[in-house]
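See structure below.
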Protein chains: 2
Amino acid sequence: MLDLAILGLLHEQEQHGYEIRRRLRDELGLFANISFGSLYPALSRLEAAHAVTVIESSGGAAAPSMPFTGSLSGERAGLRARRAGTPRGTKRSRKVYRITDQGRRLFEQLLDADERPGADDARSFGLRLAFARHIAPQARLALLERRRAQLTRRLATDQVRASGDTLDVYTRSLVEHSTEATEHDIAWLDRLIESERLKQPAPRSENREPHTGDAVTATKGTSP
Amino acid sequence: MLDLAILGLLHEQEQHGYEIRRRLRDELGLFANISFGSLYPALSRLEAAHAVTVIESSGGAAAPSMPFTGSLSGERAGLRARRAGTPRGTKRSRKVYRITDQGRRLFEQLLDADERPGADDARSFGLRLAFARHIAPQARLALLERRRAQLTRRLATDQVRASGDTLDVYTRSLVEHSTEATEHDIAWLDRLIESERLKQPAPRSENREPHTGDAVTATKGTSP
DNA sequence: CCAACGATATATCAGTTCGATATATCAATG
DNA sequence: CATTGATATATCGAACTGATATATCGTTGG
């Protein structure tokens, strides 16, 4: 899962590990504070799989062919960057990674294949959504609908759990709040799905009726 | 974290591993489907730490001293349970675990100490809340307020993230929805906190003003 | 001036958790 | 009466976390 996140960030711009961590935290929001013990092994993994390559290892020469338009002025600083300008600068060694063609292929493959329904699915979905602009409109729609189905299933099991009378006050409140949150999530997804549908002309209609709001409203009406 | 969950369930009734897994899934809802690769090592861990003991190892003799009032008729079945009644029954070996006094101490210790603000804090809080009936009213209130502070902090960083203009449509939607969800969580916590306050006579007031709804409403007003 | 401190940056370790898989028993199914 | 499915315990490798180590550089303040 981390691999996907890293490839997604490198997809846009070559970067070094520490910066990847910062962007994961500040931009994505998923991976509140990804551990270095996850990040660096993941980068090594990806390098071993030829999905990324190390562009620049230290502050020395070997300027990359692409003079990337990015933020900081990494090249050959440190030498005599003693008192002149360059207020934010290189900092130590830095291994800058660049995604390869194979890595790009792996990225797309992870983006719509990997999706196993496991414990940590909210994070997985959030990550995919954050990179949704990179995938085909129909795959995007499929992603949203898979997530919707997932949440609908959860809603069903949550209601079974809430219907029992063995729960104490706190656990009951927890389950009820969880149910509400899931309904809120589904409503959000429905908005996204509708918005996607408007952007593309209904791929291959027929047997396709608008299902907006079936399970959500059903939560109010399933009990006799 | 699993240790806490296991001790919490064994706190109420002695059980075997498979059943613990079922209750974690069906009652708590956290740990959607806890892995056996987590569960059984955790039980061994707890046994090694003398927090739990194995009461009954197989379908043989050695009936536990306490004839626990619980559900199923485990004792000495399997022998000649061939065609007569007993529709749900023993099933194979089963190692039944019981919590020890030391385990009970560990449980209380984990319940209010461990709380590290890490990646997986929603689960950690949910777990503690599910066992909140076992702790002192003031500790319960403290738990709720710590969680509230945590979410308020998250709200602040989420707003910083949303204020940047570098996000694409999908990521922006993700962040906005996440913010809403956090606000919803805080409102829920405020309800729980109020409900707790009514149950106990304000421990030691002074310098304590009702803070219900400061950060939540602040999310509408911080921008100039 | 320079020592202390904090931010940047990479790396590794032990401990947990997960997913997959192996093994065994028993009930139900056909 | 063989196959399948539920119950039950166990173990493996891979991944993630928190902690810790190491190093460089900029800032701060005595």
Side-chain angles (χ1 to χ4, degrees), chain A residues 1-6 15-22 24 30-47 54 56-59 72 74 77-84 86-97 114 116-121 123-124, chain B residues 1-6 15-22 24 30-48 54 56-59 72 74 77-97 114 116-121 123-124:
Chain A
M1 239 196 53
L2 225 196
D3 300 34
L4 177 59
I6 291 172
Q15 256 146 359
H16 55 101
Y18 205 84
E19 179 74 1
I20 288 173
R21 178 180 135 107
R22 193 194 58 74
L24 245 30
L30 302 318
F31 306 100
N33 248 349
I34 188 71
S35 165
F36 294 122
S38 308
L39 180 61
Y40 289 116
L43 284 169
S44 303
R45 219 185 299 148
L46 289 172
E47 193 186 356
V54 176
E56 184 191 11
S57 195
S58 193
L72 49 100
L79 308 162
R80 81 175 232 272
R82 193 42 70 102
R83 70 183 212 290
T86 65
R88 64 278 179 79
T90 328
K91 303 290 163 48
R92 206 205 166 189
S93 50
R94 294 205 315 186
K95 286 172 72 172
V96 178
Y97 291 92
D114 188 36
R116 41 178 167 60
D120 203 359
D121 46 5
R123 212 149 91 153
S124 174
Chain B
M1 235 194 57
L2 226 197
D3 300 31
L4 177 59
I6 291 173
Q15 257 147 358
H16 55 101
Y18 205 83
E19 179 74 2
I20 288 173
R21 178 180 134 106
R22 193 195 58 73
L24 245 31
L30 302 319
F31 305 102
N33 248 351
I34 187 72
S35 167
F36 293 122
S38 308
L39 180 61
Y40 289 114
L43 283 169
S44 303
R45 217 185 300 146
L46 289 171
E47 193 186 354
V54 176
E56 183 191 11
S57 195
S58 194
L72 48 100
L79 308 163
R80 81 174 231 273
R82 190 42 67 104
R83 70 183 212 290
T86 65
R88 65 277 180 77
T90 328
K91 305 287 161 52
R92 208 204 165 189
S93 52
R94 295 203 315 185
K95 286 172 73 173
V96 179
Y97 291 90
D114 190 34
R116 38 173 170 65
D120 202 0
D121 45 5
R123 213 148 92 151
S124 173

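A, B, ... follow the sequence lines: proteins, then strands. Residue 1 opens every chain. All values below come from the heavy atoms of this structure, side chains included, with hydrogens, waters and symmetry mates left out.
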Kindly say if A:Ser35 contacts the phosphate of D:dG18, meaning a side-chain N or O under 4.0 Å from OP1 or OP2. no
message = With a 4.5 Å cut-off on side-chain heavy atoms, are B:Leu24 and B:Leu2 touching?
response = yes
Just call it for B:Gly37: base, sugar-phosphate, or nothing, with non-hydrogen atoms closer than 4.0 Å on any strand.
-> base
Taken to the nearest 0.5 Å, the spacing of B:Ile6 CD1 from B:Ile20 CD1 works out to 5.5 Å
note: B:Phe31, atom CZ; C:dT17, atom P; distance rounded to Å ~ 8 Å
Do A:Phe31 and A:Met1 make a side-chain contact, defined as non-hydrogen atoms from C-beta onward lying under 4.5 Å apart? yes
note: B:Gln15, atom CD; D:dA8, atom C1'; distance rounded to Å ~ 14 Å
Exercise for the section: Ignoring backbone atoms, establish whether B:Ser38 has a side-chain N or O less than 4.0 Å from OP1 or OP2 of C:dT16. Expected result: no
Testing C:dT17, C:dA9, D:dT17 for proximity to the side chain of A:His16, the answer is C:dA9
Side-chain N or O of B:Tyr40 versus OP1/OP2 of D:dA10: is the shortest distance under 4.0 Å? no
Reckon A:Ile34 touches a base, only the sugar-phosphate, or nothing at all at heavy-atom distances under 4.0 Å? sugar-phosphate
To the nearest angstrom, the CG-C1' distance between A:Asp3 and D:dA15 comes to 9 Å
Requested in this report: Tell me what B:Leu2 touches on the nucleic acid: a base, only sugar-phosphate, or nothing, going by heavy atoms under 4.0 Å.
Outcome: sugar-phosphate
When rounded to whole Å, the CD to C1' distance for the pair A:Glu56 and C:dT10 reads 15 Å
Among D:dA8, C:dA11, C:dA9, the one nearest any side-chain atom of A:Arg94 is C:dA9
Among the nucleotides C:dT10, D:dA8, D:dG18, whichever has the atom closest to the side chain of A:Phe36 is C:dT10
Atom NZ of A:Lys95 and atom P of D:dA23 are separated, to the nearest Å, by 17 Å
Checking C:dT10, C:dC18, D:dG18 against the side chain of B:Arg123 (C-beta onward), the nearest is C:dC18
The salt bridge (charged side-chain N to carboxylate O under 4.0 Å, His left out) partners of B:Arg22 (sequence neighbours excluded) come to B:Glu19, B:Asp26
_C:dT17 phosphate, OP1 or OP2, under 4.0 Å from B:Arg45 side-chain N/O_ = yes
Sequence neighbours excluded, the answer for side-chain contact (heavy atoms from CB on, under 4.5 Å) partners of A:Ser35 is A:Ser38
Separation of D:dT17 atom C1' from A:Leu39 atom CG, nearest Å, is 13 Å
A:Met1 CE to C:dT17 P, in whole Å, measures 17 Å
Rounded to whole Å, the OH-C1' distance (B:Tyr18 to C:dC26) equals 13 Å
